[in-house]
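Structure record follows, encoded as structure tokens.
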Amino acid sequence: MRMALIAAFLGFFIFLEHGSLLCMARGNVHRYDFVLKETNFTRLCTTKSMLVVNGSWPGPVIRVHKGDTVFVTVHNNGTYGVTIHWHGVKQPRNPWPDGPENITQCPIPPGTSFTQEVSFSDEEGTLWWHAHSDWSRATVHGAIIIYPKPGTTYPFPIPYKEELIVLGEWYNGDVMANIQEALETGGDPNVSDAFAINGQPGDLYDCSNASTYRLLVDYGKTYLLRIVSAVMNEEIFFGIAKHNLTLVGMDGAYLKPIKTDYIMITPGQTMDVLVTADQSPSRYYIMGSPFADTTAPFDNTSTTAIFQYSGNYTPPSTPYSPSLPAYDDNDAVGNFTARLRSLASVQHPVSVPLKITERIFITVSVNQIYCANESCAGPDGNRLSASLNNISFVTPTIDILQAYYSQISGVYNGTFPNKPPYFFNFTGDVGNNTIYPSLGTKAKMIKYGSAVEIIFQGTNVGAAENHPMHLHGYSFYVVGMGNGNFDNNTSPKTYNLVNPPLVNTIGLPKNGWTTIRFVADNPGVWFMHCHLERHASWGMDTVLIVMDGPAKTNKMLGPPTYMPPCANS
């Protein structure tokens with residue numbers, strides 16, 4: 001009897017030990033409450049009500065260690081349905097909490113709550129969360145900081161302090177009304193009235209001097225800036241006057257350090273940057289200005305914050321300004337992006353797929369939809385549109401994930417093609433080639449375990465420009481990039497298959513191409529779209545459905561007990 005009790009005790013002890021180890025392996029669990037409600041804000045001499053989380057713009061910061069799990073209960077006290085997306089979080093086997101409206105869930109109705117499980121895996125660095133319903137992400141967004149696992153550290157010297165920089169856009173008008181009017185008329189939506197750093201436009205705008213964000217620093221100290229671009233429709237050049245930046249991370253993964261005097265960050269991207277306060281104590285502008293290589297309207301203003309040294313000195317009448325590239329400097333963008341390399345260390349290895357089993361060629365275009373009697377507000381009296389492989393995505397009223405899981409017919413079809421309807425000189429004089437896209441809710445079906453290569457090809461159809469392409473559920477390796485048309489014979493010879501950057505959002509050059517690779521090992525329904533919000537609204541989207549693998553551990557998980565209801569389900 002005594003021996004049996006000892007054996008039982010030992011078994012219980014081992015169970016506890018294994019349970020503890022399992023908990024340690026899965027990380028800690030955190031809980032947050034996000035209360036969505038309308039709140040008054042004043043910027044640029046204008047006061048308006050806008051939807052935010054917990055009364056702040058930007059919203060609250062989620063802080064975790066690598067491998068942790070977070071449960072966020074979203075309480076929608078607003079006036080319309082909304083969803084929240086955890087940008088860059090892979091959500092292994094669990095697309096249900098991913099968040100894009102009518103792709104993986106329907107909106108959270110006003111007056112209700114929805115708890116989302118955010119499962120962190122190999123991400124480390126800075127990511128972010130944002131609303132994924134129409135244009136509500138302009139005001140509903142915040143940062144996610146993922147620290148190394150306890151007992152490990154950064155692959156660079158520990159900084160003196162860490163500071164968060166969230167780049168955003170301010171609209172004097174209502175952002176939801178802005179896009180709704182544009183979609184009704186077929187014209188371009190209004191551009192923003194200002195950019196912002198941590199919710200403040202900066203003293204180059206009216207009524208903004210007193211509220212300009214200030215980053216207080218000590219001479220000789222090194223700071224880690226966690227930079228998030230929550231900007232809606234413009235890519236941003238960013239720099240600090242007279243200070244060099246060292247880029248060490250991007251999109252929740254580490255990079256080989258890059259010393260630079262500016263970065264270019266697209267909507268959706270995050271970057272981790274070291275800066276040392278090594279100049280004469282004074283005040284220096286932190287500045288963000290647009291990169292816009294397009295004929296489309298854009299916000300051509302600059303936001304500022306102040307990099308302010310502590311101590312006694314006579315400050316200049318105006319802070320020193322950085323010399324950022326011109327708004328249309330394609331070479332500055334190309335030169336910066338070409339330097340990106342994964343860290344590729346023993347602790348942070350790379351695993352680039354070499355034998356491709358699924359190759360997809362996707363043209364990326366801004367298009368038009370014909371309007372009879374020139375009755376719309378777009379070019380030639382038509383309606384502005386956008387497409388991938390000449391298909392303009394139509395968002396369904398029942399979410400695609402539910403339709404896929406429950407085999408509901410008529411919501412989508414799995415016929416998104418591996419190539420465009422026909423090939424032409426994509427970046428030359430395109431004439432009327434594919435100016436009018438087809439409309440459809442088409443998904444690309446991918447077998448579990450496929451080694452996927454996607455070649456994005458920009459086109460000169462409509463208003464060509466740089467497109468930040470984002471894929472949910474995955475990070476991917478950017479193995480190649482170039483100008484002009486992709487060439488099957490010569491372009492692959494330029495690929496970097498040794499240490500390409502691992503990201504979740506990448507800029508497709510204007511009239512150029514970008515090749516990405518990843519292994520389809522995360523079953524589920526995953527949205528892929530341009531992160532310029534007007535292009536996503538016009539249909540520059542599709543869905544990748546990665547099917548289940550043969551083993552239980554590579555099958556998609558079932559839904560939680562409650563999902564927000566769909567109006568037509």
Side-chain angles (χ1 to χ4, degrees), residues 26-27 29-34 36 62 67-76 81-121 123 129-133 144 393 395-414 441-448 471-474 520-529 541-569:
R26 294 180 61 184
V29 175
H30 311 264
R31 298 184 183 277
Y32 288 82
D33 281 285
F34 280 12
L36 277 161
I62 290 177
D68 285 356
T69 299
V70 174
F71 290 91
V72 182
T73 300
V74 181
H75 308 275
N76 186 3
V82 71
T83 67
I84 304 291
H85 167 55
W86 319 98
H87 186 112
V89 182
K90 298 179 183 66
Q91 301 280 31
R93 301 171 53 215
N94 191 17
W96 300 97
D98 188 49
E101 182 173 311
N102 291 0
I103 306 299
T104 61
Q105 70 172 83
C106 288
I108 304 166
T112 69
S113 302
F114 177 46
T115 298
Q116 293 171 258
E117 180 180 359
V118 188
S119 303
F120 294 90
S121 53
E123 306 91 354
W129 58 266
H130 60 82
H132 216 303
S133 301
I144 301 172
F393 187 80
T395 303
T397 54
I398 296 174
D399 66 273
I400 293 175
L401 175 57
Q402 180 189 166
Y404 172 65
Y405 183 79
S406 301
Q407 299 182 348
I408 302 172
S409 61
V411 177
Y412 73 97
N413 64 69
T441 308
K442 298 187 178 183
K444 173 62 185 173
M445 310 299 295
I446 298 177
K447 292 181 180 179
Y448 179 88
L471 174 60
H472 293 220
Y474 287 88
D521 56 2
N522 190 14
V525 171
W526 306 111
F527 203 29
M528 185 169 72
H529 60 97
D541 326 287
T542 191
V543 171
L544 304 186
I545 298 181
V546 177
M547 295 178 279
D548 284 346
K552 183 178 180 180
T553 55
N554 49 47
K555 295 184 186 301
M556 187 178 78
L557 299 175
T561 54
Y562 171 79
M563 290 291 293
C566 297
N568 295 329
S569 61

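Heavy-atom basis, side chains included; hydrogens, waters and symmetry copies ignored.
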Item to complete: For K555, check side chain to side chain contact (heavy atoms under 4.5 Å, CB included) against everything at least two apart and list the hits.
Response: D548

Discussion item. Quick check: do Y32 and I62 have side-chain heavy atoms less than 4.5 Å from each other?
Written reply: yes

Discussion item. Test your reading of the model: is there a side-chain donor-acceptor pair from Q116 to the backbone of P97, 3.5 Å cut-off?
Written reply: yes

Practice prompt. Start with the C-alpha gap between I84 and V72, add the side-chain angles, then the distance that decides, and say whether side chain to side chain contact (heavy atoms under 4.5 Å, CB included) holds.
Written response: CA-CA 10 Å; I84 304 291; V72 182; over 6 Å; no

Fill in: Distance (rounded to the nearest 0.5 Å) between K444 NZ and T542 OG1
10.0 Å

Worksheet item: Tell me, do H75 and D33 make a side-chain contact under 4.5 Å, heavy atoms counted?
Response: yes

Discussion item. Minimum heavy-atom separation for V546 and Y448, please, with both atom names.
Written reply: CG1-CA, 4.2 Å

Worksheet entry | Geometric class of the W96/Y405 ring pair [parallel <30°, tilted 30-60°, perpendicular >60°] | perpendicular

Discussion item. Going by side chain to side chain donor-acceptor pair (under 3.5 Å), name the residues that satisfy it together with S119, two or more places apart in sequence or in a different chain.
Written reply: none

Practice prompt. Nearest 0.5 Å please: distance from the CD1 atom of I545 over to the NZ atom of K447.
Written response: 15.5 Å

Practice prompt. Just jot down the side chain to side chain donor-acceptor pair (under 3.5 Å) partners of T104, sequence neighbours excluded, or say none.
Written response: none

Worksheet entry | Distance-minimising heavy-atom pair for Y404 and M547 | OH-CA, 3.7 Å

Item to complete: Measure the NE2-CZ distance between H85 and F527 for me, rounded to the nearest 0.5 Å.
Response: 10.0 Å

Discussion item. Contact between W86 and V70 at the side-chain level, heavy atoms closer than 4.5 Å - yes or no?
Written reply: no

Fill in: Expected output: side-chain Y474 to main-chain N522 donor-acceptor under 3.5 Å
yes

Discussion item. Holding to side chain to side chain donor-acceptor pair (under 3.5 Å), I want the full list of residues that pass it with N76, two or more places apart in sequence or in another chain.
Written reply: none

Discussion item. If you compare all heavy atoms of P564 against all heavy atoms of C106, which two are closest, and at what distance to 0.1 Å?
Written reply: CB-O, 3.4 Å

Discussion item. Testing H30, E117, R31 one by one against T69 for a side-chain contact (heavy atoms from CB on, under 4.5 Å), which residue passes?
Written reply: E117

Fill in: Listed partners of T73 passing side chain to side chain donor-acceptor pair (under 3.5 Å), at least two apart
T115

Worksheet item: So, for V411 and T441, which heavy atoms are closest and what is the spacing to 0.1 Å?
Response: O-CG2, 3.6 Å

Response to the item:
Minimal heavy-atom distance between G524 and P95, with the atoms involved, is CA-CG, 3.9 Å

Worksheet, complete the sentence: All heavy atoms of P565 vs all of P109, minimum pair found to be CD-CG, 4.2 Å

Fill in: Side chain proximity check, V74 to L36, heavy atoms < 4.5 angstrom
yes

Fill in: Point-to-point distance, once rounded to the nearest 0.5 Å, from CG of N102 to CG of D399
6.5 Å

Practice prompt. First locate atom NE2 of H87, then atom NE2 of H132, and finally report the distance between them rounded to the nearest 0.5 Å.
Written response: 8.5 Å

Worksheet item: Do M563 and F114 touch side chain to side chain, with heavy atoms closer than 4.5 Å?
Response: yes

Response to the item:
Rounded to the nearest 0.5 Å, the CE atom of M556 sits from the CG atom of L401 at a distance of 5.0 Å

Practice prompt. Can you tell me which residue pairs pass the salt bridge (charged side-chain N to carboxylate O under 4.0 Å, His left out) test with a partner in residues 82-94, sequence neighbours excluded?
Written response: K90-D122, K90-E123

